[in-house]
Amino acid sequence: MNDIAYYAGFVDSLIAWLKAHSANIIIILASAWVMSMLSRMLAKRICSLAKGQMLGDEATVIEQEKRAKTIGSLLSRILSAAIITLAVMMVLAEIGVNIAALLAGAGILGVALGFGAQSIVKDALSGLFLIIEDQFRLGDIVDLNSGAFCGVVEKMTLRTTWLRGEDGRQIIVPNGSIASVTNLSRK
């Protein structure tokens, strides 16, 4: 009989907690979903505005569209990650988790990961600037680091640039190690 009274009290307290907090949690999650959709629409809108301003021959416009799409996708992912992180923190706070301790722990973990992942962060930031500054595009013939790496750009990610050498070898260069770029496709 004691067990039944215990479980009945637990169910009653759970129902009371749900009445007090479920609406707030639903509002937080719905708001995060709406904001995530709006951020995707914003990224698409920025891409379409950029496409409307593109000039040049057909090949140039295609390359500019690729660049706009890459930047729009990156912006969308960054905004979505920020929105999701904020929503999770707000839900945890609503549940009763001490967010200050969680943020302090995340800060310490972030510093430790930052020291351990310096090369990855360096590669990603360098890749971001390579894309934003439009130093080279897919299909360009480039000479990286004064002859250390030469070839046709086959693929670009935030971390690496993939070249195809004239002898057919595939060369994968971490973006953080690119010190100089000579773009032989542009005059």
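- With a 4.5 Å cut-off on side-chain heavy atoms, Phe136 and Leu144 count as touching.
- Residue Val152 shares its hydrophobic cluster (ILVMFWY side chains chained together at separations under 4.5 Å) with Ile141, Leu184.
- Residue Ser39 comes nearest to Ser76 through the heavy atom pair OG-O, 4.5 Å, listed as atom of the first residue, atom of the second, then distance.
- In this view, Glu154 and Arg164 satisfy the salt bridge (charged side-chain N to carboxylate O under 4.0 Å, His left out) rule, not counting sequence neighbours.
- Trp17 pairs by the ring pair (Phe, Tyr, Trp, His ring centres under 6.0 Å) definition with His21, not counting sequence neighbours.
- For the pair Ser36 (side chain) and Ala32 (backbone), a donor-acceptor distance under 3.5 Å is absent.
- Using a 4.5 Å cut-off between side-chain heavy atoms of Ile, Leu, Val, Met, Phe, Trp and Tyr, Val34 falls into a hydrophobic cluster with Trp33, Met37, Leu38, Met41.
- In this structure Met35 satisfies the side chain to side chain contact (heavy atoms under 4.5 Å, CB included) test together with Ile83, sequence neighbours excluded.
- Leu18 and Ile26 fall into different hydrophobic clusters, where Ile, Leu, Val, Met, Phe, Trp and Tyr are joined by side-chain heavy atoms under 4.5 Å apart, directly or via other members.
- Atom CE in Met156 sits 5.5 Å away from atom CG in Leu130 (nearest 0.5 Å).
- Contacts classified as salt bridge (charged side-chain N to carboxylate O under 4.0 Å, His left out) and involving residues 101-110 (residues at least two apart or in different chains) are not found.
- Contact between Met89 and Ile99 at its shortest, heavy atoms only, is O-CD1, 3.3 Å.
- The salt bridge (charged side-chain N to carboxylate O under 4.0 Å, His left out) test applied to Arg159 returns Asp123, not counting sequence neighbours.
- Criterion: ILVMFWY side-chain heavy atoms under 4.5 Å apart, direct or through other members. Under it, Leu125 and Ile131 are not part of a common hydrophobic cluster.
- Judged by distance alone, the side chain of Asn145 and the main-chain N or O of Ala179 form a donor-acceptor pair under 3.5 Å.
- Atom CD1 of residue Ile108 and atom CG of residue Leu103 lie 11.5 Å apart, to the nearest 0.5 angstrom.
- Partners of Ile15 by side chain to side chain contact (heavy atoms under 4.5 Å, CB included), not counting sequence neighbours, listed by chain and number: Val11, Lys19.
- Residue Leu138 is not grouped with residue Phe129 when hydrophobic side chains (ILVMFWY) are merged at heavy-atom distances under 4.5 angstrom, including chains of intermediate members.
- With sequence neighbours left out, Val88 forms a side chain to side chain contact (heavy atoms under 4.5 Å, CB included) with Ile84, Leu92.
- The side-chain hydrogen bond (donor to acceptor under 3.5 Å, both in side chains) check on Asn24 picks up Glu94, with sequence neighbours excluded.
- Leu42 is linked by a side chain to side chain contact (heavy atoms under 4.5 Å, CB included) to Ile46, Leu79, counting only residues two or more places apart in sequence or in another chain.
- For the atom pair CG of Asp143 and CG of Leu163, the computed distance is 10.0 Å after rounding to the nearest 0.5 Å.
- Put simply, OG1 on Thr182 and CD on Gln135 are 10.5 Å apart, with the number rounded to the nearest 0.5 Å.
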Tabulate below the donor-acceptor pairs under 3.5 Å that side-chain atoms of residues 169-178 make, not counting sequence neighbours, or state none.
residue, atom, partner, partner atom, Å
Arg169, NE, Asp167, OD1, 3.3
Arg169, NE, Asp167, OD2, 2.6
Asn175, OD1, Thr161, N, 3.4
Asn175, OD1, Thr161, OG1, 2.6
Asn175, ND2, Thr157, O, 3.0
Asn175, ND2, Leu158, O, 2.9
Ser177, OG, Pro174, O, 2.8

